[in-house]
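Written out below as structure tokens is the structure these notes cover.
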Amino acid sequence: MSATVLVTIAADFAARAHVGARRKGAAGEPYINHLAEVAALLAVATQGEDAVLIAAGWLHDTLEDTATTCEQLEDHFGPEVASVVAEVTDDKSLPDAERKRRQVETVTGLSARAQLLKIADKTSNLRALAASPPVGWDRDRLIAYIDWAEAVVGQCRGQNGFLDAVFINARDTARRESDAKIAKDGA
């Protein structure tokens, strides 16, 4: 399968798997926007040269958030794509705090591709947090998320200058917007 076909089929599969899903932010944007942003960040970071990673970017939340199995990913996209997606998938049977702790502890043991995917994912999440924070999140929760994203990404920086720079920008913007939101809301 050609690189273009692989990425195109991954985008289609992701859109179908996440149909109707929305982001947590107040704007409630379609979830596919997050997947598209992650894949686009990875495409730019690799100059379009790593179709496996770009496809994994499209698919990175399918095991966590849909009924898709790792076997289905392997059947459709091959073992490399399925492996990268499996590496970045949290065990949803664990409490949220435990999943977050494990991400920080295990990120250095991930493959280079999975680490780049983590950076792109956290960058997209921070951009969304800055643009449209989830309803009901106070400043402490916003800052805790930003700090946690920094802890995860801090373990795997240095592999790709572009991703490092966009993450830092997203982190700093999220901090500024969190402070501005709090100042505006008077909290």
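Computed over heavy atoms, backbone and side chain alike; hydrogens, waters and symmetry mates excluded. Bear in mind that the values here come from a model prediction, so they are computed numbers and not experimental data.
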Next item on the list: State which residues pass salt bridge (Lys or Arg N to Asp or Glu O under 4.0 Å) with Glu74; sequence neighbours excluded, sorted by chain then number.
Entry: none
Notebook entry, point to check: Got a sec, which residues hit salt bridge (Lys or Arg N to Asp or Glu O under 4.0 Å) with Asp164, two or more places apart in sequence or on another chain?
Noted result: none
Pairs flagged by ring pair (Phe, Tyr, Trp, His ring centres under 6.0 Å) wherever [range] is involved - sequence neighbours left out:
range: residues 80-119; answer: none
range: residues 150-178; answer: none
range: residues 62-112; answer: Phe13-His76, Phe13-Phe77

According to side-chain contact (heavy atoms from CB on, under 4.5 Å), who are the partners of [X], at least two apart in sequence or on a separate chain?
X: Val88; result: His60, Ala114, Leu117, Lys118
X: Asn169; result: Thr173
X: Ala165; result: none
X: Pro30; result: Arg22, Ile32, Asn33

Item checked: Partner residues of Glu37 under the side-chain hydrogen bond (donor to acceptor under 3.5 Å, both in side chains) criterion, sequence neighbours left out -> Ser124, Arg127
Next item on the list: For Glu64, enumerate each residue passing the side-chain hydrogen bond (donor to acceptor under 3.5 Å, both in side chains) test, keeping only those at least two apart in sequence or located in another chain.
Entry: none
Show me the donor-acceptor pairs, under 3.5 Å and distance only, between side chains in residues 3-10 and residues at least two apart or in other chains.
| from | atom 1 | to | atom 2 | distance (Å) |
| --- | --- | --- | --- | --- |
| Thr8 | OG1 | Thr4 | O | 2.8 |

